[in-house]
Amino acid sequence: MATPETQAPYRLQCMIHRESAGGIIIHDEQIPGPLVEAAVAAAKARFAELRAGRAGSAALRDSAGRVVWSARQDAATSGTEGSAAR
């Protein structure tokens, strides 16, 4: 696990459903965070921003590629509770 002094790289990968014929938007970005809890909080906020009321799913992966948080939301659901990997 990363120490508080280092910024462990996490990857947020999202698929957001669009109403147009294009279908989905695929988004992939790095989320810095010294601890997994900080990265998950940042990922939840970013996923909510990217969704903008649309349906979508997201996964936050650590530097080893393990899923540390994931969520799937339909367009009618405003939350991003998701689940944590164990």
Side-chain angles (χ1 to χ4, degrees):
M1 177 172 261
T3 63
E5 296 82 27
T6 62
Q7 295 287 310
Y10 294 91
R11 303 244 19 119
L12 175 63
Q13 299 170 325
C14 303
M15 289 192 323
I16 309 297
H17 299 273
R18 300 190 308 182
E19 294 179 14
S20 69
I24 61 171
I25 300 168
I26 298 174
H27 188 80
D28 187 338
E29 70 180 67
Q30 187 168 337
I31 302 286
L35 301 172
V36 68
E37 293 83 5
V40 167
K44 285 181 180 181
R46 183 68 174 133
F47 180 47
E49 180 182 336
L50 290 168
R51 279 186 53 238
R54 298 172 292 204
S57 60
L60 182 68
R61 297 178 183 274
D62 64 12
S63 59
R66 295 177 298 243
V67 175
V68 295
W69 171 81
S70 65
R72 181 176 164 196
Q73 302 291 322
D74 64 25
T77 305
S78 61
T80 59
E81 289 303 313
S83 62
R86 294 180 196 239

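A quick note: this is a predicted structure, and the numbers were derived from the prediction, not measured.
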(request) Only counting residues at least two apart or in another chain, list the ones meeting side chain to side chain donor-acceptor pair (under 3.5 Å) with Arg46. (result)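 So Arg46 forms a side chain to side chain donor-acceptor pair (under 3.5 Å) with Glu29, Glu49.
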
(request) Output all residues satisfying side chain to side chain donor-acceptor pair (under 3.5 Å) with His17, sequence neighbours left out; order by chain, then residue number. (result)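 With neighbours one apart ignored, the set is empty.
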
(message) Going by side-chain contact (heavy atoms from CB on, under 4.5 Å), name the residues that satisfy it together with Ala64, two or more places apart in sequence or in a different chain.
(response)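 Residues passing side-chain contact (heavy atoms from CB on, under 4.5 Å) with Ala64: Asp62, Arg66.
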
(request) Could you pull out all residues at least two apart from Ala39 that satisfy side-chain contact (heavy atoms from CB on, under 4.5 Å)? (result)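 Result, side-chain contact (heavy atoms from CB on, under 4.5 Å) vs Ala39: Tyr10, Ile31, Leu60.
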
Looking at every heavy atom in both [X] and [Y], which two are closest together, and how far apart are they?
X: His27; Y: Leu50; result: CD2-CD1, 3.4 Å
X: Ala71; Y: Phe47; result: CB-CE2, 3.9 Å
X: Arg51; Y: Asp74; result: NH2-O, 3.1 Å

(request) Please round to the nearest 0.5 Å and tell me the distance separating atom CD1 of Ile24 and atom CD1 of Ile16. (result) 9.5 Å

(message) Nearest 0.5 angstrom please: Gln30 CD to Leu12 CG, how far?
(response) 11.0 Å

